[in-house]
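Read through the structure below, which is laid out as structure tokens, and then see the notes.
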Amino acid sequence: MIDHTGVMVSDFAKSIAFYEKALAPLGYAKLMAVSAAETGHTDTAGFGEPPKPDFWISRGTPNQPIVHVAFRARSRAVVDAFYKAAIAAGGRDNGAPGVRPHYHPSYYGAFVLDPDGHNIEAVCHDPQG
């Protein structure tokens with residue numbers, strides 16, 4: 001079981017603003033911010049469903065190759081809302097919401113590129129949507 005994960009971002013403030021808006025439909029919020037003085041190396045911010053963050057961004061040189069992170073959505077409507085919010089927040093389309101039957105018959109996902117090009121996805125596996 002994965003406890004948490006994260007990505008490196010080039011513009012910390014821009015990425016915080018993006019993720020606050022893009023992840024809100026999934027029930028995620030920025031739950032923590034830890035300064036470079038506290039970590040001993042860089043600024044970080046943790047996002048998740050309260051009370052615990054499980055997705056972190058850190059100021060630095062973006063990961064190469066880019067990272068793919070998929071967030072589980074409760075419904076297809078939430079996937080749609082994520083996509084709309086992420087695009088409105090400055091994300092770039094990397095796959096509009098829809099069924100991806102090559103993964104499995106009820107795989108419904110949407111993909112956006114964050115400000116650094118990381119492939120961020122919301123996915124619903126429920127066939128009833």
Test side chain to side chain contact (heavy atoms under 4.5 Å, CB included) on Ser106 and Arg76; report intermediate values, then the result. CA-CA 10 Å; Ser106 59; Arg76 292 179 178 192; 4.2 Å; yes
Residues forming a side chain to side chain donor-acceptor pair (under 3.5 Å) with His125, sequence neighbours excluded: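 Side chain to side chain donor-acceptor pair (under 3.5 Å) list for His125, sorted by chain: His104.
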Applying side chain to side chain donor-acceptor pair (under 3.5 Å), name anything that partners Asn63, two or more places apart in sequence or on another chain.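 Side chain to side chain donor-acceptor pair (under 3.5 Å) list for Asn63, sorted by chain: empty.
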Tell me the salt bridge (charged side-chain N to carboxylate O under 4.0 Å, His left out) pairs involving residues 37-55, sequence neighbours left out?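 Sorted pair list: Asp3-Lys52, Asp43-Arg59, Glu49-Arg74.
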Does anything in residues 100-125 form a salt bridge (charged side-chain N to carboxylate O under 4.0 Å, His left out)? List the pairs, not counting sequence neighbours.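 Found none.
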Would you please name every residue forming a side-chain contact (heavy atoms from CB on, under 4.5 Å) with [X], sequence neighbours left out?
{"X": "Ala96", "value": "Tyr83, Asp93"}
{"X": "Ala86", "value": "Phe18, Ala22, Phe82, Val112"}
{"X": "Thr44", "value": "Val34, Thr39, Thr42, Trp56, Ser58"}
{"X": "Val78", "value": "Leu26, Ala73, Ser75"}

Show, in sequence, the C-alpha distance, side-chain angles and deciding distance for Glu20 and Phe47, and conclude whether the side chain to side chain contact (heavy atoms under 4.5 Å, CB included) test is met. CA-CA 8 Å; Glu20 283 178 324; Phe47 298 82; 3.9 Å; yes
Would you give the length of the straight line joining atom [atom1] of [X] to atom [atom2] of [Y], rounded to the nearest 0.5 angstrom?
{"X": "Asn119", "Y": "Arg92", "atom1": "CG", "atom2": "CZ", "result": "10.5 Å"}
{"X": "His118", "Y": "Met8", "atom1": "NE2", "atom2": "CE", "result": "9.0 Å"}
{"X": "Lys30", "Y": "Ile57", "atom1": "NZ", "atom2": "CD1", "result": "8.5 Å"}

Say whether [X] and [Y] are linked into one hydrophobic cluster, either directly or through other cluster members, by side-chain heavy-atom distances under 4.5 angstrom.
{"X": "Ile120", "Y": "Tyr107", "result": "no"}
{"X": "Leu113", "Y": "Val69", "result": "no"}
{"X": "Leu31", "Y": "Val9", "result": "no"}

List for me each residue that meets ring pair (Phe, Tyr, Trp, His ring centres under 6.0 Å) alongside Tyr28, sequence neighbours excluded, and say none if there are none.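 Residues passing ring pair (Phe, Tyr, Trp, His ring centres under 6.0 Å) with Tyr28: Phe71.
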If you take all heavy atoms of Ile66 and Gly117, which pair is closest and at what distance?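 It is CD1-O, 2.9 Å.
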Considering all heavy atoms, the nearest Gly27-Pro50 contact: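 Of all heavy-atom pairs spanning Gly27 and Pro50, the closest is O-CD, 4.2 Å.
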Connected hydrophobic set around Tyr108, excluding itself, where side chains approach under 4.5 Å: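 Members alongside Tyr108: Val79, Val99.
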Begin with the C-alpha distance, continue with both residues' side-chain angles, and end with the deciding distance and a verdict on side chain to side chain contact (heavy atoms under 4.5 Å, CB included) for Phe55 and Leu23. CA-CA 10 Å; Phe55 177 71; Leu23 299 180; 4.1 Å; yes
